[in-house]
Peer 1: 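Pasting a structure here, questions to come.
Residue numbers begin at 1 in each chain, while the letters A, B, ... track the order of the sequences.
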Protein chains: 2
Amino acid sequence: MPHQKFIARLQAVEDLSEDERRQIAALPATLRQVADGEIVLRQGETASRCVFVVHGFLYQTRIVGDRSQILAFHVPGDMPCLHTLLVSPMDADLVGLGPTIVGAVAHSQLKQLLDGSVHLTRAFWRETLIDAAISRRWIARLGAQAALAKVAHLICELAARLELVGLLDDGCFQMPMTQRHVADACGLSIVHVNRTIQELRHRGLIAWEGSEIELLQPEELRRLADFAPDYLTGARRT
Amino acid sequence: MPHQKFIARLQAVEDLSEDERRQIAALPATLRQVADGEIVLRQGETASRCVFVVHGFLYQTRIVGDRSQILAFHVPGDMPCLHTLLVSPMDADLVGLGPTIVGAVAHSQLKQLLDGSVHLTRAFWRETLIDAAISRRWIARLGAQAALAKVAHLICELAARLELVGLLDDGCFQMPMTQRHVADACGLSIVHVNRTIQELRHRGLIAWEGSEIELLQPEELRRLADFAPDYLTGARRT
DNA sequence: CGTTTGGTTGAGGTCCATCAATCGCGGTGG
DNA sequence: CCACCGCGATTGATGGACCTCAACCAAACG
């Protein structure tokens, strides 16, 4: 059950046989509650287990100079530190966003599973490649877009990723993200993020109350953000 | 011989046996000359072969809105589109920087090699993970650093990566990068890049004439850029 | 209730973009 | 050989996007 979203995610990325799904579901995982702002894995730490999001959200943040930069958000089904299986130390803190439930699988278990299956190895590899593709979009976003487009793009991406795991309800999703998180993810100041969000609201593109974000005009928003969701699944060759 | 730098690169990332090195060297590769500015692989294109840099440089660039953003530079030994093996379409143009020689290996050949070796698969996977780690640093750089630090960081990274493949000569390296490339990589205007480089020169940190870049005070430069090269090899667990 | 946290607003300043012009250099063709 | 051209580097002036500081508000919470 806790692996459900994770399997769904992998499934969206690579076709899995029923047997393979069973093998993944059989991975021994320990569940754990993570509080808002709690650090699951610390920068520099060498993980011996892989974490996956069961419920809620995580993000990765890194101090650079005197400010902190968010490198990635993680939604249910994501395995944020899969790369620690092969490349050891974390290059950022992994932090809970709102009350969250994570599962953890021992590296040894995962290695054993992957060593036995070329196809599953490929699926997990693909998973890390999609993470990389997302990072590359973030580079484009941070390097070349104006504040309004940056924030719009972030919202579009989160909505699209949540949709993949069935957590988008009619353009609406729940995420306890504060304006500080948006600022740290977009490389903007809080004040300017605030004004930017107001502008998005004013244009009737989004609604955002508490932890509920709604895309009022998804099409318009995507155009503004120059967003296309293709990179999130790594469109397979047919 | 053309595979030499590529093997050196892999070797730096994961221990290879002599047999494995031989297997890689035996991969049938076609060499090709690439002119400055020539597009090797176009955004949206589905590659059927993986390219690696034998001599010279490549970079990946993507149009976003009305400007172009460079997502990555590639030095000899790099395999810029290894990810196309599993995730199909290119999300950016792959372009030659200066006169360059690239090799190309068919996906089918590569797949065959990897399917036969768990260890080599791991080595190549690691390779993509290091690319991802670099992307993440770029996010931090673009999101959280000022112009001076951005440019300094880029130079530090290039120098460190070239050092890994033996192309750094006493803090000196050859790279036919223009200020426009720096601007597109750092999300700055050309004019401002020009002034930033002047400032770096003025502080006695670098020298840059034509295509020769020299780190005059590497330690100072690294401090300014908040740079540490750890992420480039994915420091292995011991 | 006081305190904290996140959101909001205003004013002023700065970093960087944009526009425009110049300069040096290598290439090219007459 | 030299005028011409194009590209990259450089410089100055001006403007704008965004930052910083500071204050205030509302809701949540002990």
Peer 1: Would you give a per-nucleotide map of nucleotides 18-24 of chain D, 5' to 3', where B means the base has a protein non-hydrogen atom under 4.0 Å away, S means only the sugar-phosphate does, and - means neither?
Peer 2: BSBB---

Peer 1: Give a yes or no on whether the backbone of Ala104(A) and the side-chain of Arg32(A) come within a donor-acceptor separation of less than 3.5 Å.
Peer 2: no

Peer 1: Is a side-chain N or O of Arg201(A) found less than 3.5 angstrom from the main chain of Trp208(A), in a donor-acceptor match?
Peer 2: yes

Peer 1: If you fit an axis to the five pairs at each end of the helix from dC1(C)-dG30(D) to dG30(C)-dC1(D), how big is the angle between those two axes, to 10 degrees?
Peer 2: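 Helix axis angle between the two ends: 30°.
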
Peer 1: Scan residues 175-186 of chain B against DNA chain D and write down, sorted by residue number, each residue with any heavy atom closer than 4.0 Å; if none is found, say none.
Peer 2: Thr178(B), Gln179(B)

Peer 1: Nearest whole angstrom, please: distance from the P of dT8(C) to the CG of Asn194(A).
Peer 2: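 After rounding, the gap between these two atoms is 5 Å.
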
Peer 1: Please confirm whether the backbone N or O of Ala225(B) pairs with a side-chain atom of Gln145(B), one donor and one acceptor, at under 3.5 Å?
Peer 2: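 A pair under 3.5 Å: yes.
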
Peer 1: Might you work through the salt bridge (Lys or Arg N to Asp or Glu O under 4.0 Å) test for Arg195(B) and Glu199(B), ending with a clear yes or no?
Peer 2: CA-CA 6 Å; Arg195(B) 294 185 170 124; Glu199(B) 173 71 17; over 6 Å; no

Peer 1: Tell me which pairs pass side chain to side chain donor-acceptor pair (under 3.5 Å) where either residue lies in residues 147-168 of chain B, with sequence neighbours left out.
Peer 2: Asp78(B)-Arg161(B), Trp138(B)-Glu157(B), Glu157(B)-Arg161(B), Glu157(B)-Tyr231(B)

Peer 1: For nucleotides 27-30 of chain D, tabulate all protein N/O to nucleotide N/O atom pairs closer than 3.5 Å, reporting atom names and distance.
Peer 2:
none

Peer 1: Expressed as a whole number of angstroms, how long is the span from Leu97(A):CG to dG6(C):C1'?
Peer 2: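 Value for this atom pair: 14 Å.
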
Peer 1: Does Thr84(A) reach the side chain of Cys50(A), with side-chain heavy atoms less than 4.5 Å apart?
Peer 2: yes

Peer 1: Can you tell me if Arg62(B) uses its side chain to pair, donor with acceptor, with the backbone of Asp91(B) under 3.5 Å?
Peer 2: yes

Peer 1: Would you say that His74(A) contacts Val51(A) through its side chain, given a criterion of any heavy-atom pair below 4.5 Å between the two side chains?
Peer 2: no

Peer 1: If I compare all heavy atoms of Val64(B) with all of Ala144(A), which pair ends up nearest, and what's the gap?
Peer 2: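 Heavy atoms of Val64(B) and Ala144(A) come nearest at CG1-CB, 3.5 Å.
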
Peer 1: So if I apply the side chain to side chain contact (heavy atoms under 4.5 Å, CB included) rule between Lys5(B) and each of Val53(B), Leu167(B), Val54(B), which one comes out positive?
Peer 2: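 With Lys5(B) as partner, side chain to side chain contact (heavy atoms under 4.5 Å, CB included) holds for just one option, Leu167(B).
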
Peer 1: Closer than 3.5 angstrom, by distance alone: can the side chain of Gln69(B) be matched with the main-chain N or O of Asp184(B) as a donor-acceptor pair?
Peer 2: yes

Peer 1: Thr100(B) side chain to Phe57(B) main-chain N or O, any donor-acceptor pair under 3.5 Å?
Peer 2: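 Answer holds: yes.
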
Peer 1: Rounded to whole angstroms, how far apart are CD on Gln198(B) and P on dG8(D)?
Peer 2: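 These atoms are roughly 18 Å apart.
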
Peer 1: Which heavy atom in Ala185(B) sits nearest to a heavy atom in Ile70(B), and how many Å separate them?
Peer 2: CA-CB, 3.8 Å

Peer 1: Take the angle between the ring planes of His181(A) and Phe73(A) and call it parallel below 30°, perpendicular above 60°, tilted in between.
Peer 2: perpendicular

Peer 1: Rounded to the nearest angstrom, tell me the gap between atom CG in Asp36(B) and atom P in dC7(D).
Peer 2: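 These atoms are roughly 12 Å apart.
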
Peer 1: Which residues in residues 55-63 of chain B have a heavy atom closer than 4.0 Å to any atom of DNA chain D?
Peer 2: none

Peer 1: Using every non-hydrogen atom in the two residues, find where Leu94(A) and Pro80(A) come nearest and quote the distance to one decimal.
Peer 2: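 Distance-wise, the nearest heavy atoms are CD1-CB, 3.8 Å.
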
